[in-house]
Amino acid sequence: MLAPSLLSADLADLKGAVKLVEENGGSVIHIDVMDGRFVPQISYGQPVVQCLRPLTKLPFDVHLMVEHPEEQADTFAAAGADWITFHHEACIHSHRLIQHIHDLGKKAGISIVPSTPVSAVSELLEYVDLVLVMTVNPGFGGQKLIPSCVRKISELTKLREERSLKFLVSVDGGVNASTLNDVVSAGADIVVSGSAFFNGSMKWENT
Ligand code: DX5
Ligand code: ZN
């Protein structure tokens, strides 16, 4: 599945961006929320998600690159998020937050930055619906994929099989026409794409 990230869209025309996603094979809309603390920049928040919600039936994966994500889950759920993905590095009681997101009736995702190994989230794998593997340091679109992060995708799919689990593996950062094959071969179920999707350099065919 392709999940275009709105971060690289024309932010003055998010309505047009949603239309582009729908017309070009997007299955999920990836919404990067940045707080200027966990990552340097501030992007957009609940009011933007709320405005986008009536425009499409596609699910929203809200990627929280924020400190204290436990303080934001309720309001993003109310704004229309379908998946709430937060960073393991930003949350001490990740297990509790996953349960809380489920109590809100939403899917829960956990994300890891390039320096965090898969083993750090091993105890959470049976609870989450999604693991988002960051293949760039979070904070900006248009960065180069860090090749050593790709093996985490296969590590996760192996663990999923060994433990008969069902979570999806998503990959985020630096995916373009030249790196797509590597991440798909490693077993990614969802591919996030910001700059390559919105600059038109990556064509996607849903198979
Ligand atoms: C980075 C964000 C990504 C980003 C991906 O911090 O989480 O979703 O927008 O953009 P590209 O595909 O350009 O690396
Ligand atoms: Zn993201």
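Whatever order the structure lists ligands and atoms in, that order sets their numbers, starting from 1.
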Would you call Ile110 and Leu132 a side-chain contact if the rule is heavy atoms closer than 4.5 Å?
no

A correct count of protein N/O/S atoms found below 2.8 Å of the Zn ion (ligand 2) gives 4

Closest to atom 13 (O) of ligand 1 (heavy atoms only, candidates Ser195, Ser111, Gly194) is Ser195

Margin query: Minimum distance, heavy atoms only, to atom 7 (O) of ligand 1: which one of Asp32, Val136, Val33 is it?
Written below: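 It is Asp32 whose heavy atom sits nearest to atom 7 (O) of ligand 1.
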
At what distance is the nearest protein heavy atom to [atom], and which residue and atom is it?
| atom | result |
| --- | --- |
| atom 1 (C) of ligand 1 | Phe140 O, 3.5 Å |
| atom 6 (O) of ligand 1 | Gly139 N, 2.6 Å |
| atom 3 (C) of ligand 1 | Asp172 OD1, 2.9 Å |

For this session: May I ask you to check if ligand 1 and Gly142 share an N or O to N or O distance below 3.5 Å?
Result: yes

Quiz item: Do ligand 1 and Leu7 have nitrogen or oxygen atoms that lie under 3.5 Å from each other?
Solution: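 In fact, backbone or side chain, Leu7 has no N or O that close.
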
Taking atom types as modelled and ignoring hydrogens, do the side chains of Thr179 and Asn176 form a donor-acceptor contact shorter than 3.5 angstrom?
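Side chains of Thr179 and Asn176: pair found under 3.5 Å.
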
Is there a donor-acceptor contact under 3.5 Å linking the side chains of His68 and Asp35?
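No, no side-chain donor-acceptor pair sits under 3.5 Å.
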
- Query: Is there a donor-acceptor pair under 3.5 Å between the side chain of Arg160 and the backbone N or O of Lys166?
  - Reply: no

Next on the checklist: Quick one: does any side-chain atom of Thr135 pair with a main-chain N or O of Ile146 as donor and acceptor, under 3.5 Å?
Outcome noted: no

Practice problem: May I ask you to check whether over 12 heavy atoms, not counting those of Glu161, lie within 6.0 Å of atom CD? | Solution: no

Between Met34 and Val39 the two heavy atoms that sit nearest each other are CB-CG2, 3.5 Å

- [ ] Would you mind checking if Lys106 and Asp61 are paired as a salt bridge, meaning a charged N to carboxylate O distance below 4.0 Å?
- [x] no

